[in-house]
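Just so it is clear, the structure is predicted and the values come from calculations on it, not from any experiment.
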Amino acid sequence: MKYDVHIYEDNQGMLMINLPDEIFLVIDLLLSDVQEAGSKLWLDLIDKVLSKQSSYEELTGNACTIEIKYDVTKIVNEYVEENQKEYCLIETAELKQILLMWDDAVTSKYGE
């Protein structure tokens, strides 16, 4: 994996994630949209693009929209505050790995 990613439980028992600033919106995606329900819907669309069944997919959640292309996915925060960057780019395969890590953490915490 290209990025240093660390998933942990905070003081209140909530799952949290640390990752590099360049992909900061992955935090919003996980904590606001994916949450603890799992990332199946997101992963299904990523797999559709990575397997070349589709050249582009888009999904909007509670806070973020992801625009999935084969090489790169754009994550857009729909509620960005002034003086904040509204989007970040991440390699699609890397985002998939982070989502799988998140799902593993959710399963470890809550079971299947």
Side-chain angles (χ1 to χ4, degrees):
M1 174 170 270
K2 175 180 174 178
Y3 300 104
D4 183 26
V5 176
H6 177 66
I7 298 172
Y8 64 96
E9 282 188 43
D10 69 7
N11 301 6
Q12 298 158 352
M14 302 274 297
L15 286 177
M16 300 297 291
I17 186 168
N18 283 336
L19 41 77
D21 288 343
E22 65 201 74
I23 57 169
F24 69 103
L25 284 177
V26 172
I27 295 171
D28 291 350
L29 176 68
L30 291 173
L31 299 181
S32 297
D33 295 335
V34 175
Q35 300 176 2
E36 293 168 349
S39 57
K40 181 177 179 359
L41 179 62
W42 310 89
L43 286 169
D44 287 349
L45 292 179
I46 289 171
D47 285 339
K48 193 173 179 181
V49 172
L50 289 177
S51 68
K52 298 188 178 182
Q53 291 176 339
S54 174
S55 61
Y56 175 83
E57 294 291 331
E58 184 175 311
L59 180 63
T60 300
N62 296 327
C64 296
T65 297
I66 63 170
E67 301 171 2
I68 308 163
K69 295 182 182 174
Y70 184 81
D71 293 330
V72 175
T73 295
K74 182 177 184 180
I75 303 173
V76 180
N77 184 323
E78 299 296 335
Y79 302 102
V80 69
E81 295 184 19
E82 207 170 311
N83 299 326
Q84 287 185 322
K85 191 173 176 186
E86 67 183 35
Y87 73 91
C88 73
L89 301 175
I90 181 172
E91 296 85 350
T92 302
E94 292 291 319
L95 178 58
K96 178 180 178 177
Q97 292 304 312
I98 293 170
L99 289 169
L100 290 170
M101 287 175 62
W102 182 259
D103 284 353
D104 287 346
V106 168
T107 300
S108 292
K109 180 176 168 83
Y110 298 106
E112 291 194 58

So, taking the atom named [atom1] in [X] and the one named [atom2] in [Y], what distance separates them when rounded to the nearest 0.5 Å?
X	Y	atom1	atom2	answer
C88	I23	SG	CD1	7.0 Å
S51	Y70	OG	OH	9.5 Å
E86	L25	CD	CG	9.5 Å
I27	L19	CD1	CG	4.5 Å
E9	M14	CD	CE	10.0 Å
I68	L59	CD1	CG	7.0 Å

**Study point:** Residue pairs passing the side chain to side chain donor-acceptor pair (under 3.5 Å) test where at least one lies in residues 12-31, sequence neighbours excluded
**Key:**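 As it turns out, the side chain to side chain donor-acceptor pair (under 3.5 Å) pairs with a partner in residues 12-31, which skip direct neighbours, are D28-N77.
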Point to revise | Summary of ring-ring contact (aromatic ring centres under 6.0 Å, His included) pairs that have at least one residue in residues 6-49, sequence neighbours excluded | key: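 Those involving residues 6-49 are H6-Y8.
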Review point. With ILVMFWY side chains joined below 4.5 Å, transitively, what does Y87's cluster contain besides itself?
Key: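 Same cluster as Y87: V72, V76, L89.
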Review point. With hydrophobic residues grouped by side-chain heavy-atom distances under 4.5 Å, do V26 and Y79 end up in a single group?
Key: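 Different clusters.
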Point to revise | Atom CD of Q53: over 12 foreign heavy atoms under 6.0 Å | key: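 Buried by this count: over 12 neighbours within 6.0 Å.
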**Study point:** Closest heavy-atom pair and its distance - V80, K85
**Key:**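 Closest approach of V80 to K85: CG2-O, 3.6 Å.
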Exercise for review: State, to 0.1 Å, how close L29 and C64 come at their nearest heavy-atom pair, and which atoms those are.
Suggested key: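 Looking at all heavy atoms of both residues, the closest pair is N-SG, 3.8 Å.
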Residues 95-104, side-chain donor-acceptor partners within the protein, below 3.5 Å, at least two apart:
from	atom 1	to	atom 2	distance (Å)
K96	NZ	D47	OD1	2.7
W102	NE1	Q35	O	2.6
D103	OD1	S39	N	3.0
D103	OD1	S39	OG	2.9
D103	OD2	S39	OG	2.7

Review point. Will you find, in the side chains of T65 and E78, an N or O donor that is under 3.5 Å from an N or O acceptor?
Key: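 A donor-acceptor contact under 3.5 Å links the two side chains.
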Point to revise | E57 bridged to K48 by N-O distance under 4.0 Å | key: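 A salt bridge links E57 with K48.
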Practice item. Return each pair, listed once, that meets salt bridge (charged side-chain N to carboxylate O under 4.0 Å, His left out) where at least one residue sits in residues 29-44; pairs must be two or more places apart or across chains. Key: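 Residue pairs passing salt bridge (charged side-chain N to carboxylate O under 4.0 Å, His left out), neighbours aside: K40-D44.
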Review point. What salt bridge (charged side-chain N to carboxylate O under 4.0 Å, His left out) pairs are there with at least one residue in residues 61-74, not counting sequence neighbours?
Key: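 For residues 61-74, and leaving out neighbouring residues, there are no salt bridge (charged side-chain N to carboxylate O under 4.0 Å, His left out) pairs at all.
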